[in-house]
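Lettering of chains follows the sequences in order, A, B, ..., and the numbering in each one begins at 1.
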Protein chains: 2
Amino acid sequence: MGTPLPRDPIADARLNWERHGWSDVAAPMAAITAIMRTQQILLGRIEAVLKPFGLTFARYELLALLSFARSGALPMNKASALLQVHPTSVTNAVDRLQDAGLVMRSPHPTDGRTTLIELTPDGRALAKRATAVLNSEVFGQSGFGDQDVDQLIRILGTFRRNAGDFSG
Amino acid sequence: MGTPLPRDPIADARLNWERHGWSDVAAPMAAITAIMRTQQILLGRIEAVLKPFGLTFARYELLALLSFARSGALPMNKASALLQVHPTSVTNAVDRLQDAGLVMRSPHPTDGRTTLIELTPDGRALAKRATAVLNSEVFGQSGFGDQDVDQLIRILGTFRRNAGDFSG
DNA sequence: GCAATATACTAGGACATCCAAGGGTTTGGA
DNA sequence: TCCAAACCCTTGGATGTCCTAGTATATTGC
């Protein structure tokens, strides 16, 4: 975590795979490892930008999701499904956002099992400010070329559909 | 998490971005979010395969790295650099692998600050077995087409180099 | 040769994720 | 009608990641 390595560690791993007789899966191994590492880099950038706002990516994602909901409120299970994380992760995020006064829990009007999460005015304002900075500092300077962005969206979209994320 | 969603949540997020006047960064936002989600899916598959071996991905990566070292041993700081994780994460992984009898710590012959991590025979054997299953169950069935694998390696390789991962 | 700086590892804490289990609410079939 | 099954959320536990700080060892510079 510091100075650049003299060689690409993933390319090296691929060579090791090939040397050990696993040539047939060396390329996908390298691609998957590269996805892991890229996610790590991107998450680091995002967290660095959100830190001054007192937000983590998990909390930001929830705020952003709520800010796009017509009523500014969503059932927790809906948020869990849309964010594609475990329900306990949503509980965790809501606890902290609630402590920070950014969201509120309220009972569902007709289903006693369900809890609605609702943005507070503070939460809505913070989501707006954080999104602006995230757009300019991270998404606007992703380092991916326009064509590569399209390729990624296509390749990963196919993958996610095949993995059962969505049926559309 | 569960049943597939009727619509792609990332495509929906992209539409929301565009509707709110952030069209210029909507595409990279979607690509980055897709990388995050893809990583999550792949990590889930990998962890599921490793679980019967009593391994997590973090521990497996360390075992695999050691198994490729000529001497079967590496300094902890070297492992941290090659795996591109924080030194404390390596300490954590080594603690658990050591408890499981898969690696051993030994003092560096000339530098008193440095600790070497060394594979035990058990560790080497387990790495071999886990790799075989990982290759056949995950990397061999990644769901990416051959051309897409090449594209991913190229796009993410450029990204990682620009991010300062390596200089080669 | 010795003090100041740099490097290596570890301990403790904050967060996030998942799983397993538990308590409350709804739904549906006997 | 009524009880079992399904569903929703939360608590508690295990892991992993990072950061900050602290201890020990090397290296550097005067």
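Using a 4.0 Å cut-off, some side-chain N or O of A:His86 falls inside it from OP1 or OP2 of C:dC19.
Rounded to whole angstrom, the span from the CG atom of A:Leu43 across to the P atom of D:dC18 amounts to 10 Å.
Within residues 45-71 of chain B, no residue has a heavy atom under 4.0 Å from DNA chain C. Using a 4.0 Å cutoff on non-hydrogen atoms, the parts of residues 91-106 of chain A near DNA chain C are A:Asn92, A:Arg96, ordered by number.
Scanning both residues, A:Arg45 and B:Ala163, for their nearest heavy atoms gives NH2-CB, 3.7 Å.
In this structure, the nucleotide among D:dC18, C:dA8, C:dT17 sitting nearest to the side chain of A:Ser89 is C:dT17. For A:Thr115, whose side chain is taken as the heavy atoms from C-beta onward, the closest listed nucleotide among C:dA8, D:dC9, D:dC8 is D:dC9.
The ring pair (Phe, Tyr, Trp, His ring centres under 6.0 Å) search around A:His108 returns none, not counting sequence neighbours. For B:Phe144, the ring pair (Phe, Tyr, Trp, His ring centres under 6.0 Å) test picks out A:Phe159, with sequence neighbours left out.
A donor N or O paired with an acceptor N or O is not found under 3.5 Å between the base of C:dC9 and the side-chain atoms of B:Thr88.
One hydrophobic cluster, built from ILVMFWY side chains closer than 4.5 Å, holds both B:Leu102 and B:Val133.
Under the 4.5 Å side-chain criterion, counting only non-hydrogen atoms from C-beta, B:Pro9 is not in contact with A:Asp165.
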Kindly list each side-chain donor-acceptor pair under 3.5 angstrom involving residues 54-67 of chain A, sequence neighbours excluded, with atom names and distances?
| unit_1 | atom_1 | unit_2 | atom_2 | d |
| --- | --- | --- | --- | --- |
| A:Thr56 | OG1 | A:Arg59 | N | 3.3 |
| A:Tyr60 | OH | A:Thr131 | OG1 | 2.7 |
| A:Ser67 | OG | A:Ala64 | O | 2.7 |

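A salt bridge is defined here as a Lys NZ or Arg NE, NH1 or NH2 lying under 4.0 Å from an Asp or Glu carboxylate O, and A:Arg14 with A:Glu18 meets this definition.
Comparing the local axis fitted to the first five base pairs of the helix from C:dG1-D:dC30 to C:dA30-D:dT1 with the one fitted to its last five gives a bend of 10°, rounded to 10°.
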